[in-house]
Amino acid sequence: MTERGSPGRLGRTLISRDEIAVRVADLGRAIRRDYARRSPLLVSVLKGAVVFSADLFRAVGLPAALDFIGVSSYGAGARPSGVVRLTADLSVSIEGQDVIIVEDIIDTGRTITYLQRNLATRHPRSVALCVLLDKVARREVEVAVDYVGFAIPDEFVVGYGLDYRGYHRNLPDIVVLEPAPTS
Ligand code: PRP
């Protein structure tokens with residue numbers, strides 16, 4: 001196995017598992033209300049949104065479906081490389097479907113913009129966006145978000161699906177990663 005490097009140092013909890021659970025239930029209710037008598041397809045963006053989308057999918061409660069798409073923007077470190085690429089594609093056609101993209105975090109907005117453009121070419125009936133964390137201060141391209149869990153400050157966070165070098169996705173809380181000491 002390739003060496004992933006240090007997992008970094010965990011700092012304070014920014015959003016606890018209890019706060020997450022309450023907010024995910026709210027988002028589920030809002031989507032259930034907005035999509036009443038429809039069967040939306042939740043598109044979970046690998047890998048960060050996996051934990052959130054599993055909880056949201058159950059909270060929505062409609063006869064919804066779930067599929068996955070892989071997009072990667074970050075390199076191995078804590079800063080985006082600026083390059084967005086598709087790493088895994090959907091397993092179903094979305095033509096004529098009410099799609100809800102489920103993302104863990106929007107930072108610069110480049111990943112989601114790439115994904116929205118990509119999905120639009122497949123002729124869905126509608127595309128909405130549900131994001132757990134919105135790091136508004138770092139936005140480089142404008143993004144219209146339909147459902148937001150939490151607006152967060154410009155700190156590097158891990159847990160509840162979010163990683164640093166592949167670590168910490170399985171933390172139940174959202175935790176700040178301590179900045180690396182400068183030498
Ligand atoms: C993260 C996150 C978003 C994107 C946000 O994904 O899940 O997809 O970065 O950044 P942006 O708004 O600046 O584009 P990452 O590439 O780290 O992959 P992962 O979901 O597999 O962790």
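All residue numbers in this chain count up from 1 along the given sequence. One-based numbering, in listed order, for ligands and for the atoms of each.
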Contact partition for [X] relative to ligand 1, non-hydrogen atoms under 4.0 Å:
X      : value
Val84  : neither
Asp107 : both
Glu140 : neither
Lys135 : neither

Inset, instruction - State whether the shortest distance between N or O atoms of Gly109 and N or O atoms of ligand 1 falls below 3.5 angstrom. - result: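 Yes: some nitrogen or oxygen of Gly109 is under 3.5 Å from one in ligand 1.
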
Inset, instruction - Compute the shortest N/O to N/O distance between Val45 and ligand 1 and return yes if it is under 3.5 Å, no if not. - result: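 Between Val45 and ligand 1, no N or O pair is found under 3.5 Å apart.
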
Legend entry - Heavy-atom donor-acceptor pair, Arg85 side chain to Ser72 backbone, under 3.5 Å: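 Such a contact is absent between Arg85 side chain and Ser72 backbone.
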
Legend entry - N/O donor-acceptor pair under 3.5 Å between Thr87 side chain and Gly70 backbone: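 Answer holds: yes.
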
Inset, instruction - Would you check whether Ile105 reaches within less than 4.0 Å of ligand 1, judged by its heavy atoms? - result: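 It does; at least one heavy atom falls under 4.0 Å.
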
Legend entry - Min heavy-atom dist Arg139 to ligand 1 below 4.0 Å: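 The answer is no: ligand 1 sits nowhere under 4.0 Å from a heavy atom of Arg139.
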
Would you mind listing which atoms of ligand 1 come within a distance below 4.0 Å of any non-hydrogen atom of [X]?
X      : answer
Thr108 : 11 (P), 12 (O), 13 (O), 14 (O)
Gly48  : 19 (P), 20 (O), 21 (O)
Lys47  : 19 (P), 20 (O), 21 (O)
Ser72  : 16 (O)
Glu103 : 3 (C), 7 (O), 8 (O)
Leu46  : 20 (O), 21 (O)

Side chain proximity check, [X] to [Y], heavy atoms < 4.5 angstrom:
X      : Y      : result
Val175 : Val157 : no
Val24  : Tyr160 : yes
Asp163 : His168 : no
Phe156 : Val158 : yes
Phe52  : Leu27  : yes

Inset, instruction - Could you tell me whether Arg9 atom CZ has more than 12 heavy atoms of other residues or ligands within 6.0 Å of it? - result: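 Incorrect, the count does not exceed 12.
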
Distance-only donor-acceptor pairs under 3.5 Å for side chains of residues 127-134, two or more places apart:
residue	atom	partner	partner atom	Å
Asp134	OD1	Arg139	NH1	3.1
Asp134	OD1	Arg139	NH2	2.6
Asp134	OD2	Arg139	NH2	3.2

